[in-house]
2 protein chains.
Amino acid sequence: MTELSRSTEDYLKAIYGLGRSGEPVPTGALADALAIAPASVSGMVRRLAETDLIAHEPYRGVQLTDAGRRAALRVIRRHRILETYLVKVLAWDWDSVHAEAERLEHAASDLLVARMADALGNPAFDPHGAPIPTVDGEIEEQELVPLTELGVGGTGEFRLVSDDDAERLRYIASIGFRVGTRFELVEVTPFRGPLTVLRRELGASPQLIGYELAQSLLCLPCTLEPAA
Amino acid sequence: MTELSRSTEDYLKAIYGLGRSGEPVPTGALADALAIAPASVSGMVRRLAETDLIAHEPYRGVQLTDAGRRAALRVIRRHRILETYLVKVLAWDWDSVHAEAERLEHAASDLLVARMADALGNPAFDPHGAPIPTVDGEIEEQELVPLTELGVGGTGEFRLVSDDDAERLRYIASIGFRVGTRFELVEVTPFRGPLTVLRRELGASPQLIGYELAQSLLCLPCTLEPAA
DNA sequence: AGTCAAGATTAGGTATGACTAAGACATTAT
DNA sequence: ATAATGTCTTAGTCATACCTAATCTTGACT
């Protein structure tokens, strides 16, 4: 198995992210995700299909082969272990690790990642709540719903947010939200306006959250026991 | 100042390493150091000269400009901080860090390197004894001599060895040599044969060292006080 | 001074991976 | 069924950075 290029790894990672539904990923969606012209993606897709990392049905989309999925999960594991290490050991902020990990994931060896994982106690989730694939390529997919779908009176625990928007992450942290924060959705204004969320852990006053933001907060619905 | 390519950084680093004497570096020497065909170096050298990172006198050689030297020292700082971090914090062996640092040095941001340096207490030397340039591009050049030049009865301290040959580093460690080891050169056989070295710190029996190897061990001549 | 060898450069070619412009396909609307 | 629309692909170009083969410089030796 020869070394994969940086570009190849980025494509595989993006295809994995966009293809979790099982549907083929249109090359246009890939182009958007990678910020690359659609025509360039067509060319690259041909090369990736030739090396059997993806299957391409022209005009339909691409899907990872087993080899492609394994490679993608290796990159994702590297990324998430690196993020976790930077946050936990080097006191990096959760909103700025993404860009650094994005570059390091292509340079760090499996051995380095293994050492970091050991130092961290082999964590199962990264700082944003995303599951970290195991060395064998197992990944635990969680059944999470956007905060917006909990409905008035719904209760849940904030579990996962995408790591790619530093601005958003900074804001989430600034309003006191952390992975694991449990809350009740107290009020929903009509027309996709702000939602009011009451955080139980803090016993704090209700918190207003915009609809767009709330959609990005993936939660595990659960009943709230009285705080321990 | 735009981002430099991986290749560019490798060239600058190599030119810095080969040009410390002040003499222009022949492109052929560069080609050897980078394991690249001489013709390819000519092409790259033209590009580097166009961006004023190096000065090129055709058929004479290349020299770093101030901008080139600054860039080279930034890469070297990254490399050496990374090596030190891997060894000190992640328990890496001193003989295997080079390859890893060689890749990470192009991906790690100055911020990451700063965090690692802080965690290490801003060390002045890497695990192989090489001085680590400061953020401002200051580097402390040491006046060291190969062990072979100490002469019979000479005494010194092992201070520096190149990090690029894992085999050699493994052997050096296996015979109990560490950066800082102090010794007396007891005997030299003629015709570049083995040298006999007596290590004072260990109070150990004399150690035979081959001439080639001894040439790579750079030492600080010093008198040996009775061990503390 | 003329010749020769070593070393450096130029010339021409390849691979990767991006771009724009133009053409092909599929879907949806008439 | 056909036309319009949007998406996808093909064609042709460019930049980077490598290669081999051929040519040119330099310096040393006769």
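Chain identifiers are assigned alphabetically (A, B, ...) following the order of the sequence lines, protein sequences preceding nucleic acid strands; residue numbering begins at 1 within each chain. Because only heavy atoms are used, hydrogens play no part in the values below, and waters and symmetry mates are left out as well, while side chains stay in.
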Presence of salt bridge, B/Glu9 and B/Arg6, under 4.0 angstrom: no
To the nearest Å, how far apart are A/Leu30 CG and D/dT7 P? 15 Å
Out of curiosity, B/Glu23 CD to B/Gln63 CD, how far, rounded to the nearest 0.5 Å? 8.0 Å
Could you state the atom-to-atom distance from NE2 of B/His56 to C1' of D/dT25 in whole Å? 12 Å
Distance, rounded to the nearest Å, where B/Tyr59 contributes OH and D/dT25 contributes C1': 5 Å
Protein proximity profile, nucleotides 16-22 of chain C - base contact B, sugar-phosphate-only contact S, no contact -, cut-off 4.0 Å on heavy atoms: -BSBBB-
With a 4.5 Å limit on heavy-atom distance, are the side chains of B/Ser216 and B/Leu213 in contact? yes
Should the pair B/Arg115-A/Glu100 be classified as a salt bridge under the 4.0 Å nitrogen-to-oxygen rule? no
Rounded to the nearest angstrom, tell me the gap between atom CG in B/Leu34 and atom C1' in C/dA8. 16 Å
Whole-Å gap separating C1' (D/dC18) and CG (B/Leu48): 14 Å
Please work out which of the three classes, parallel, tilted or perpendicular, describes the rings of B/Phe177 and B/Phe158, given edges at 30° and 60°. tilted
What is the distance, to the nearest angstrom, from the CD atom on A/Glu57 to the C1' atom on D/dT9? 15 Å
Closest non-hydrogen atom pair between B/Gly129 and B/Val179, with its separation: N-CG2, 3.9 Å
Applying a 4.0 Å non-hydrogen cut-off, can you work out what A/Thr27 is touching in the nucleic acid: base, sugar-phosphate, or nothing? sugar-phosphate
